[in-house]
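Each remark here refers to the structure printed beneath this line.
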Amino acid sequence: MNAYGSRLLSLAVALATCFAVGSAEAVALRPNKATDDSVCDLAHDTNLFLGSRTFVPSAASKKDQIDAFFRLAATFVATKCRNGQLLIVQGATASSIDVQSLTEVANSSCPVASVTRSVVRLPLGDVTQAGFELRCTILKHDELVTKLNELERTDSMDALKARLASAAQQGDRGPSKTDMTSESKKDCGKMTLASVLQGGSCK
């Protein structure tokens, strides 16, 4: 093989290697979803899928729910994605948890001014619900990793998961007697038509 042929062979090997690396770096949150290495794809319905992997009970405080979904999505971005990739996340418009947690993921991964939002329809059984999609180019990967490390130092993921589990157990048991008594006292303090006509219902 002459020098020219050798150079062509070397170029072909280099290109094949590049394509192989590109395929290996293709990242999507949902398994077996077709994508390429230019995209960090967390669609569709990001938090719905994350919640199927790590239970985040609705009985937990709103702050803990937002924090949990942010950390789950951000950890995927921090460990699987890189600067220069297009980040895609989706959520339900009616869910303030989705709006706040996914907006934080986008703003923590990309320049805030570059984040674009569009309206989408999310499948929900046999129907669809109003949703939103955020897209931006990841340029703050190192900052995102630093933010997650700081959160872990101040409030570990294990501690957060323990609170989520406790909230789920409390939700299964229903309100405690103390909570019910407190709620009854609140109701007793209200002036209603029934309390006026019947002389009050509080004992």
Side-chain angles (χ1 to χ4, degrees), residues 10-56 58 65-152 157 160-161 164:
S10 298
L11 178 60
V13 171
L15 287 172
T17 302
C18 287
F19 284 126
V21 171
S23 299
E25 292 176 351
V27 285
L29 178 63
R30 290 176 178 269
N32 303 319
K33 185 175 183 181
T35 188
D36 61 66
D37 66 339
S38 69
V39 179
C40 176
D41 189 355
L42 280 71
H44 67 278
D45 210 342
T46 306
N47 284 352
L48 180 66
F49 183 78
L50 292 171
S52 71
R53 296 293 185 89
T54 300
F55 182 49
V56 181
S58 59
Q65 291 182 65
I66 292 171
D67 192 22
F69 282 121
F70 166 74
R71 292 203 205 188
L72 292 170
T75 297
F76 179 88
V77 176
T79 57
K80 303 292 185 181
C81 305
R82 55 178 170 77
N83 282 338
Q85 289 182 315
L86 177 67
L87 174 65
I88 305 173
V89 296
Q90 287 183 349
T93 304
S95 169
S96 61
I97 306 295
D98 282 10
V99 172
Q100 293 184 54
S101 63
L102 296 177
T103 298
E104 187 177 359
V105 171
N107 290 346
S108 299
S109 305
C110 313
V112 175
S114 72
V115 179
T116 61
R117 177 180 173 130
S118 58
V119 175
V120 295
R121 300 297 300 181
L122 300 175
L124 186 64
D126 296 330
V127 298
T128 61
Q129 63 176 331
F132 65 92
E133 179 176 283
L134 302 178
R135 291 186 173 219
C136 60
T137 300
I138 301 171
L139 295 175
K140 296 162 59 176
H141 188 273
D142 290 346
E143 292 92 329
L144 180 65
V145 172
T146 298
K147 182 171 184 174
L148 287 170
N149 288 336
E150 290 175 351
L151 285 171
E152 185 64 23
M157 192 63 185
L160 176 56
K161 286 181 177 179
L164 296 176

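Values below: all heavy atoms of this structure, side chains included; hydrogens, waters and symmetry mates excluded. On a predicted model such as this, the values are computed, not experimentally measured, just so you know.
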List the residues meeting side-chain hydrogen bond (donor to acceptor under 3.5 Å, both in side chains) with Thr93, not counting sequence neighbours, and say none if there are none.
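side-chain hydrogen bond (donor to acceptor under 3.5 Å, both in side chains) list for Thr93, sorted by chain: empty.
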I need the [X] [atom1] to [Y] [atom2] distance, nearest 0.5 Å.
X: Arg71; Y: Leu160; atom1: CZ; atom2: CG; value: 5.5 Å
X: Asn107; Y: Lys140; atom1: CG; atom2: NZ; value: 6.5 Å
X: Leu48; Y: Asp98; atom1: CG; atom2: CG; value: 8.5 Å
X: Met157; Y: Leu164; atom1: CE; atom2: CG; value: 7.0 Å
X: Cys40; Y: Lys80; atom1: SG; atom2: NZ; value: 11.0 Å

Check against side-chain contact (heavy atoms from CB on, under 4.5 Å), Leu42 and Val77
CA-CA 9 Å; Leu42 280 71; Val77 176; 4.2 Å; yes
[Y] and [X], any side-chain heavy atoms less than 4.5 Å apart:
X: Arg53; Y: Leu72; value: no
X: Thr46; Y: Phe69; value: no
X: Phe76; Y: Leu50; value: no
X: Leu87; Y: Cys81; value: no
X: Cys110; Y: Thr137; value: no
X: Asp37; Y: Arg82; value: yes
X: Phe49; Y: Pro31; value: yes

Partners meeting side-chain contact (heavy atoms from CB on, under 4.5 Å) with [X] (sequence neighbours left out):
X: Gln129; result: Asp45, Ala92, Leu122, Leu124
X: Glu133; result: Ile88, Gln90, Ser118, Val120, Arg135
X: Ser58; result: none
X: Ala28; result: Lys33, Thr35, Asp41

What is the minimum heavy-atom distance between [X] and [Y], and which atoms define it?
X: Cys136; Y: Ala106; value: SG-O, 4.0 Å
X: Val105; Y: Ala73; value: CG2-CB, 3.8 Å
X: His44; Y: Pro123; value: NE2-CG, 3.9 Å
X: Gln100; Y: Ile66; value: OE1-CD1, 3.3 Å

Results of salt bridge (charged side-chain N to carboxylate O under 4.0 Å, His left out) for Glu143 - residues two or more places apart only:
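Salt bridge (charged side-chain N to carboxylate O under 4.0 Å, His left out) list for Glu143, sorted by chain: empty.
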Checking Gln85 side chain against Ile138 main chain: does a donor-acceptor pair fall under 3.5 Å?
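A pair under 3.5 Å: no.
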Lys147 side chain to Ser109 main-chain N or O, any donor-acceptor pair under 3.5 Å?
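Answer holds: no.
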Derivation and outcome, side-chain contact (heavy atoms from CB on, under 4.5 Å), residues Thr54 and Lys161:
CA-CA 9 Å; Thr54 300; Lys161 286 181 177 179; 4.3 Å; yes
Single hit among Val56, Asn47, Asp67, Val89 for side chain to side chain contact (heavy atoms under 4.5 Å, CB included) with Ser101:
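Of the listed options, the one satisfying the test is Asn47.
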